[in-house]
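In what follows, a single structure is set out as structure tokens and then discussed.
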2 protein chains.
Amino acid sequence: MLDGPKTKAAKTGTASAPKAAKKKRMDPDAREAHIVAEAVRFFAEHGFEGKTRDLAKRIGITQPLLYRYFPSKESLIERVYEEVYVRRWNPAWESLITDREIPLTDRLCRFYREYSRAVYDYVWVRMFVYSGLKGVDINDRYLRGIKDKVLRPVCAELRHDQGLPSPEEIPIGEQELELAWSLHGSFFYRAIRRYIYNLTSTADSDMAIDNEVKVFLAGVGPVHRQLVEKQAEQAQ
Amino acid sequence: MLDGPKTKAAKTGTASAPKAAKKKRMDPDAREAHIVAEAVRFFAEHGFEGKTRDLAKRIGITQPLLYRYFPSKESLIERVYEEVYVRRWNPAWESLITDREIPLTDRLCRFYREYSRAVYDYVWVRMFVYSGLKGVDINDRYLRGIKDKVLRPVCAELRHDQGLPSPEEIPIGEQELELAWSLHGSFFYRAIRRYIYNLTSTADSDMAIDNEVKVFLAGVGPVHRQLVEKQAEQAQ
DNA sequence: ATAACAAATGATCAAACGATAAATAAAGAG
DNA sequence: CTCTTTATTTATCGTTTGATCATTTGTTAT
């Protein structure tokens, strides 16, 4: 039941190599970090049923050494989860989406450019899909956050932009939310094509994002208005 | 190296139960069909690393019996692939998309309604994603077909609708194709939310599809025109 | 140098897995 | 009924996999 090497206060001491990669005997903290870093890519590539022996070979250590740093495979996987899903959300995005000093087009273009670059990388996308298939609760929680921090605000800004009543007056409907999901999903699908299906598009990502946002904003008006009006009838 | 039970001409003979489910001893063809049917759902649920013992327990047979009908787990999986990815494409769709007697909006609404209903079900989506993660070539081939049979025709019809030059005059560019991908992807993402992330939306699917198509067509014009014009400059 | 500590390895266990072979039992033919 | 056929089961093999333990080897302090 050991949860890591005994020495935790050791650190690197003097000034050991900043990237001690070829030393036979590593500083425990550095070794642990190295294991986690490689495990992240390994499990992203092979899924969580990847074999510990293959992982060890990839790291360049023996398989039992993994168990000196992590009591079980599962605990290593949990650590990998933390490593991937922590600190990827930028709180500034929430205020960016609702900043009415900036035109809505610019806000959405900037947000989805930055969001796609920060979140949709090889490791994140594959792990997210792997854990979705596996049925882990991470996806549910994450998408709930997207709904509250992105989709609903986007709907609210769309309403303001079109001169429609605010969500406080008329709550956001399911079909209305689907509109925001479709925009969001088209960007996630780009990441899926790239990292799951391995299709390399020569098209510039930022330009593609801008185009899709423009198409969406140029066409969403009438449909959105109609949905909100129908929503208003049902509410009364 | 046996590839099935010896008797292939037996069939069900007289008039055995149409759905012989509880008989202790099944007709070989019926048994094989039963195994495949259950295997399809089993592997869709657990992925291709699902254990043969679990599959057998689910079917209600012993694990070695699987090996009387399939020489190996891999051969069973190949059979499952065939079962899922054959005859799901409706050739009529190709002529539907290009049928200029019908308004483009109606064509795309009808196509994506039918396509989503026929293709994007639990088994298909999960298997497609599982094999994508695994790196099987199926995805690549399938998406190549989507590109040729859906996206390029859609781009061509969009051009005709906007009075832009045909693809024979000016070839379809990468960014132009991305527009069609974004529409297509938003529908696939709906299926992912449902079958991978297990998010049940109360929103009516057909209505959501119609709305997205309308938004797309209402907004795509200027962006599309600009892309084609840029494409024309680069071509000369 | 040498003793003390711990990082890392080699050997190995127990359970799980795909696959095989022999034994059992259900159905039809005579 | 008896005999033949074969669908199905029971028992088991060889390998793989996560995990453990004793041993070796590199590092530091004295």
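Residue numbers start from 1 in every chain, and the chains themselves are labelled A, B, ... in the order their sequence lines are given, proteins ahead of strands.
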Distance check needed: [N] [atom2] versus [X] [atom1], whole Å only.
{"X": "D27(B)", "N": "dT5(D)", "atom1": "CG", "atom2": "C1'", "answer": "15 Å"}
{"X": "L65(A)", "N": "dA11(C)", "atom1": "CG", "atom2": "P", "answer": "17 Å"}
{"X": "R53(B)", "N": "dA15(C)", "atom1": "CZ", "atom2": "P", "answer": "14 Å"}
{"X": "E32(A)", "N": "dA7(C)", "atom1": "CD", "atom2": "P", "answer": "11 Å"}
{"X": "K73(A)", "N": "dG18(D)", "atom1": "NZ", "atom2": "C1'", "answer": "8 Å"}
{"X": "K51(B)", "N": "dA19(C)", "atom1": "NZ", "atom2": "P", "answer": "13 Å"}
{"X": "L55(B)", "N": "dA16(C)", "atom1": "CG", "atom2": "C1'", "answer": "16 Å"}
{"X": "F48(A)", "N": "dG18(D)", "atom1": "CZ", "atom2": "P", "answer": "14 Å"}

Is the base of dT6(D) touched by the side chain of R68(B) through a donor-acceptor pair closer than 3.5 angstrom?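 Check fails, no donor-acceptor contact within cut-off.
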
Listed nucleotide nearest any side-chain atom of [X], set [options]:
{"X": "Q63(B)", "options": "dG18(D), dG18(C), dA8(C)", "value": "dG18(C)"}
{"X": "T62(A)", "options": "dT9(C), dT9(D), dA8(C)", "value": "dT9(C)"}
{"X": "Y67(A)", "options": "dT20(C), dA8(C), dG18(D)", "value": "dG18(D)"}

Would you call the rings of F187(A) and Y112(A) parallel, tilted or perpendicular if under 30° counts as parallel and over 60° as perpendicular?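 Geometry flag for Y112(A) against F187(A): tilted rings.
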
If you measure only the distance, is there a donor-acceptor pair under 3.5 Å linking the side chains of S201(B) and E178(A)?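 Looking only at side-chain atoms, E178(A) and S201(B) do form a donor-acceptor pair, the distance falling under 3.5 Å.
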
So does D121(A) pair up with R194(A), basic N to acidic O under 4.0 Å?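 Not counted as a salt bridge, because no side-chain N and carboxylate O are separated by less than 4.0 Å.
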
Are Y115(A) and Y120(A) an aromatic pair by the rule of ring centers under 6.0 Å?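 Judged by ring-centre distance (under 6.0 Å), Y115(A) and Y120(A) do meet the cut-off.
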
It should be established whether T52(A) places a side-chain nitrogen or oxygen under 4.0 Å from OP1 or OP2 of nucleotide dT17(D).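 So the side chain of T52(A) is outside the cut-off, no N or O lying under 4.0 Å from OP1 or OP2 of dT17(D).
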
Does R25(A) make a side-chain N or O approach to OP1 or OP2 of dT28(D) shorter than 4.0 Å?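 It does not, given that no N or O in the side chain of R25(A) lies less than 4.0 Å from OP1 or OP2 of dT28(D).
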
Which heavy atom in F48(B) sits nearest to a heavy atom in K73(B), and how many Å separate them?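 That closest heavy-atom pairing would be O-NZ, 3.2 Å.
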
